[in-house]
Structures are given as structure tokens and as C-alpha cells.
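We count ligands from 1, going down the list as the structure has it; atoms in each ligand are counted the same way. Excluded from the calculations below are hydrogen atoms, water molecules and symmetry mates; all remaining heavy atoms, backbone and side chain alike, are included.
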Amino acid sequence: MSEGCNEQCSFCSEDCTDRKEEEYDFRSKENSQSNIKHVIAVVSGKGGVGKSMVTSLLAVAMNKKGYKTAILDADVTGPSIPKAFGIKEKASGTEDGIYPNESSQGIKIMSINLLLEDETAPVVWRGPMIANTVKQFWTDVIWGDIDYMFIDMPPGTGDVPLTVFQSLPVEGIVMVTSPQELVSMIVSKAVRMAEMMNIPIVGLVENMAYFLCPDNNKEYRIFGESHIEEIAQAHTIPVLAKLPIDPEISMACDTGTIEQYESIWFEDIAKKLHKMEKQTMMKIAVASDNGNVSGHFGHCESFMLFDCENGSVVKTETVANPGHKPGFLPVFLHEKGAKVVISGGMGGGAVDIFNEKGIEVVVGATGPAKDAVQAYLGGKLESTGSVCHEHQHHDECGE
Ligand SMILES: Nc1ncnc2c1ncn2[C@@H]1O[C@H](COP(=O)(O)OP(=O)(O)OP(=O)(O)O)[C@@H](O)[C@H]1O
């Protein structure tokens with residue numbers, strides 16, 4: 001410590017051993033009535049490439065998988081999420097905060113357009129005010145329990161995206177691009193920004209990659225040849241999807257029916273995000289008889305529920321089998337929060353319901369339930385894929 005030190009290290013450039021580094025945390029606190037597990041930002045280097053559309057369809061895919069899903073529309077100067085979901089009512093609030101609106105399928109949404117009297121009025125605000133609005137969507141909105149929140153980020157790599165990355169606990173980034181050469185250069189900038197912020201990129205989505213002509217079934221590259229593989233290789237990022245130009249997409253966005261749009265392209269992305277869920281926290285249910293994996297899912301004695309965090313079991317609970325009515329047990333375990341179900345045998349009907357709810361089924365397991373869970377967490381428990389087809393077990397295995 002130098003002579004005359006007043007311990008105000010931030011005003012002093014001396015490199016002394018007593019220096020106290022001030023750690024400034026830019027993170028905003030989420031509302032006390034919110035419990036948001038995963039935050040994924042959808043970004044693009046430039047506007048108009050389909051970022052809002054990708055955000056919407058991602059949320060729809062995860063919502064269909066049974067996750068509680070939300071969209072925070074951080075694109076304050078060009079908000080398009082409420083329109084895509086056909087939401088016209090304004091948001092309401094109390095002293096405690098603002099309530100997000102809900103889409104017809106239950107996706108929670110907050111956007112500046114839900115707060116402005118006239119949604120056609122331009123938001124002519126400076127960067128800090130826009131960034132503050134986005135922060136307030138985090139701190140003042142009562143989101144409740146959310147598994148996946150998708151943030152429709154403002155385009156580019158400017159002040160507002162920077163503040164959002166610093167203020168919100170973004171866990172992963174989905175980057176949207178289109179095939180033009182110029183866009184690929186801009187995407188590289190956005191990728192570099194994510195790297196600098198130390199936020200992993202879940203992958204790249206190339207939108208408007210081609211047009212599939214309904215007359216001759218040929219693909220036409222309207223915006224030129226794709227550069228996505230080069231970008232992906234240069235930065236070692238996976239390509240998640242290449243989406244065609246589809247008039248049905250723009251119609252769904254324009255008519256507020258995005259939830260009805262049937263897309264096959266988001267399955268892989270949903271699977272990747274599902275894995276992310278599994279790596280952090282998840283509940284595994286094991287159909288069991290006396291502590292061992294049961295051979296017959298529907299007729300097991302009980303379900304052992306294992307809460308796992310980062311690959312280890314942190315809590316175990318046993319619930320009695322409430323009885324086997326067709327289709328009942330998958331709903332029961334879904335409500336208990338199970339993301340994986342382990343059993344010896346299981347009827348195909350039950351497997352289908354679990355799959356619809358985004359719950360992974362591992363069948364063919366034997367031995368102590370806790371060993372099966374450890375094997376699963378260690379990546380050593382493979383599903384044999386065998387389901388119970390024995391007629392004398394009709395209805396017993398959950399079908
Ligand atoms: N693959 C597609 N096929 C047809 N239309 C599309 C496709 N992707 C996006 N669109 C349409 O293009 C327009 C722009 O899309 P979107 O609003 O998602 O872009 P954006 O990147 O979020 O734009 P901005 O950054 O300006 O908010 C929308 O009208 C949307 O319906």
C-alpha cells in the first residue's frame with residue numbers, strides 16, 4: 001500500500017498488492033414472482049432475416065414438447081411477436097408488476113406493443129432507454145414458472161444487444177442468418193460478439209435458404225448460394241436448420257396464426273435444448289418394485305423420483321403407483337415433472353404419450369433403480385427399445 005493511500009482503488013492506477021478489485025455485476029434481478037430456468041437469445045447480425053419468425057417457431061416447438069415457454073420481445077423498435085401470435089389485448093398489471101399476455105397455446109409473451117396505446121406509433125427512443133425497457137421486461141414482468149424463455153433480440157451488435165447480454169442470464173444463442181454474402185460477414189461479427197460475451201452458440205439457422213417450386217419440385221436459391229457451412233466450420237458451430245422461403249410462413253406471421261404453422265425444422269433444435277435441460281436439472285422417474293426396476297410399467301408398485309443436478313442425484317422420493325388407467329400414468333409423471341422415465345417394459349401407447357410430452361423413455365433396464373439412474377447419468381444406460389406386447393399384460397404396461 002502506498003503512502004497516503006485512501007483505499008479508493010478505482011481512482012488509483014498503482015499496481016499494489018493490497019489492490020481491491022471492484023466486481024461490478026451488471027445482472028438485473030428477475031421479478032420475485034418469476035422462476036425462469038433457461039434463457040435463449042435469438043440473434044441476427046442484421047434485420048429482416050427472420051429472427052422473430054425463428055424465435056416464434058422455436059417457442060412453439062418447445063411449448064408443444066410440454067415445456068412452459070415464454071418470449072421476451074427485446075426488439076423494441078421493431079416488435080413483431082404479438083402480431084405473429086394474434087395477440088391484440090394490452091398487458092395488465094398490479095402494484096407487484098406487469099403480467100405477460102398468453103398465446104392461445106399458453107406461451108407467455110411480453111412486448112412493447114402490448115404496452116403502447118397505439119402500436120403503429122414508432123418507438124423513437126435512444127439506446128439506453130430501449131435497453132432499460134428490456135431490463136424492465138425482466139425485472140418488472142411476473143413471468144411465473146418458465147422452463148424456456150426465448151429473447152427476440154434487436155438486430156445487430158450494438159449497444160442494446162450488449163446491454164441485454166450483460167443484464168440477463170442468457171445461457172445460449174441461436175443465430176439466424178440468410179444466404180447473402182454480406183449477411184455472412186455480419187454474422188461473423190455477431191458470432192465474435194457472442195464469443196466475447198462468453199455465451200455458447202447453440203447453433204446457426206439459415207433462413208430463406210431456398211425456394212421449393214411446387215410446379216417442378218426443384219430448389220431455387222433466390223438469395224444466392226449458401227455460406228452457412230463455411231461460417232459454421234470457421235467458428236465450429238453446428239448448423240441447426242436450413243429453412244425454405246415459404247409463403248405459408250409469412251401468411252402465418254401476418255395473420256397471427258404462427259402456432260398453427262406445421263414446421264418440421266425445429267425438432268432438432270428442440271432436442272438440443274432438451275439436452276441442455278437434462279444437463280442442468282431434471283427429474284428421472286423409475287417404475288420400481290421394492291427398489292428394483294419393474295418389468296411392467298403400468299403395474300409397478302411405485303415410482304421412484306430422482307432429482308438430479310449436473311449429473312448427480314440430489315434428492316430421492318418414492319410415490320405409490322396411483323393405478324393404471326389407459327394413458328393416465330404418463331400424465332401423472334409429467335405433472336410430477338419427470339423428464340426421463342426408466343422401466344423394464346412399457347406399452348407402446350404409453351411410450352407415444354411420453355414422447356408427445358417430450359419425456360424420454362428408457363426401457364429394458366433391470367436391477368436396483370438407483371444403479372439404473374447412475375448408469376443413465378453416466379451415459380451408460382441405453383434403451384433396448386423393446387416395449388411390452390404380451391397380451392396377458394394388456395393395459396398393464398400403460399397402454
Ligand atoms: N422462410 C420464410 N418464408 C417466407 N417468409 C418469411 C420467412 N422468414 C421470414 N419471413 C417473413 O419475412 C418478414 C421478416 O421476418 P422477421 O420479422 O422474422 O424478421 P426479423 O429478422 O425479426 O426482422 P427485424 O430484425 O426487422 O425484426 C416477415 O414478414 C416474415 O413473415
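- Of all protein heavy atoms, the one closest to atom 4 (C) of ligand 1 is D246 O, 3.1 Å.
- Taking any N or O of V49, backbone or side chain, at least one lies under 3.5 Å from an N or O belonging to ligand 1.
- Here the heavy atom of the protein found nearest to atom 5 (N) of ligand 1 is S250 CB, 3.5 Å.
- The protein heavy-atom contact nearest to atom 6 (C) of ligand 1 is I249 CG2, 4.0 Å.
- Here the heavy atom of the protein found nearest to atom 27 (O) of ligand 1 is D75 OD2, 2.8 Å.
- Here's the thing with D152: none of its N/O atoms is less than 3.5 angstrom from an N/O atom of ligand 1.
- Counting only N and O atoms by type, the side chains of E360 and Y376 include a donor and acceptor under 3.5 Å apart.
- The closest approach between L243 and ligand 1 stays at or above 4.0 Å for every heavy atom of the residue.
- In this structure a side-chain-to-backbone donor-acceptor pair under 3.5 Å is missing from S34 to E30.
- The shortest N or O to N or O distance between C253 and ligand 1 is not under 3.5 Å.
- Nearest to atom 18 (O) of ligand 1 among the protein's heavy atoms is M53 N, 2.8 Å.
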Between S294 and D289, does the side-chain hydrogen bond (donor to acceptor under 3.5 Å, both in side chains) criterion hold? Intermediate values first, please. CA-CA 5 Å; S294 171; D289 294 323; 3.0 Å; yes

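- With a 4.5 Å cut-off on side-chain heavy atoms, I245 and I222 count as touching.
- Only the backbone of P244 comes within 4.0 Å of ligand 1, judged by heavy-atom distances.
- An N or O contact shorter than 3.5 Å links N207 to ligand 1 by distance.
- Under 4.0 Å is where a charged nitrogen must lie from a carboxylate oxygen, and between D307 and K283 at least one such pair does.
- Annotation: K90, atom NZ; neighbour count of heavy atoms from other residues, nucleotides and ligands within 6.0 Å is above 12.
- Summary of contacts: the protein heavy atom closest to atom 20 (P) of ligand 1 is K51 N, 3.4 Å.
- Residue P247 places no N or O, backbone or side chain, under 3.5 Å from any N or O of ligand 1.
- A donor-acceptor pair is defined here as one N or O able to donate and one able to accept, closer than 3.5 Å; such a pair exists between the side chain of S103 and the backbone of G106.
- Judged by distance alone, the side chain of N321 and the main-chain N or O of G298 form a donor-acceptor pair under 3.5 Å.
- Counted by atom type alone, Y148 and N63 present zero donor-acceptor pairs between their side chains at under 3.5 Å.
- Among all non-hydrogen protein atoms, the one lying nearest atom 14 (C) of ligand 1 is G48 O, 4.3 Å.
- Between S52 and I81, the closest side-chain pair of non-hydrogen atoms falls below 4.5 Å.
- In this structure, atom 2 (C) of ligand 1 has protein heavy atoms in its sub-4.0 angstrom surroundings.
- The shortest heavy-atom distance from P155 to ligand 1 is under 4.0 Å.
- The ligand atoms of ligand 1 that sit less than 4.0 angstrom from a heavy atom of I245 are 1 (N), 3 (N).
- R221 CZ: more than 12 foreign heavy atoms inside a 6.0 Å radius.
- Shortest contact from atom 29 (O) of ligand 1 to any protein heavy atom: D254 OD1, 4.4 Å.
- The N/O atoms of S52, backbone and side chain alike, include one that comes under 3.5 Å of an N/O atom in ligand 1.
- Taking any N or O of G50, backbone or side chain, at least one lies under 3.5 Å from an N or O belonging to ligand 1.
- Taking distance alone, with nitrogen or oxygen atoms compared against 3.5 Å, M208 stays at or beyond that limit from ligand 1.
- A salt bridge is defined here as a Lys NZ or Arg NE, NH1 or NH2 lying under 4.0 Å from an Asp or Glu carboxylate O, and D140 with K135 fails to meet this definition.
- Salt bridge E229/K242: present, at least one basic N to carboxylate O contact under 4.0 Å.
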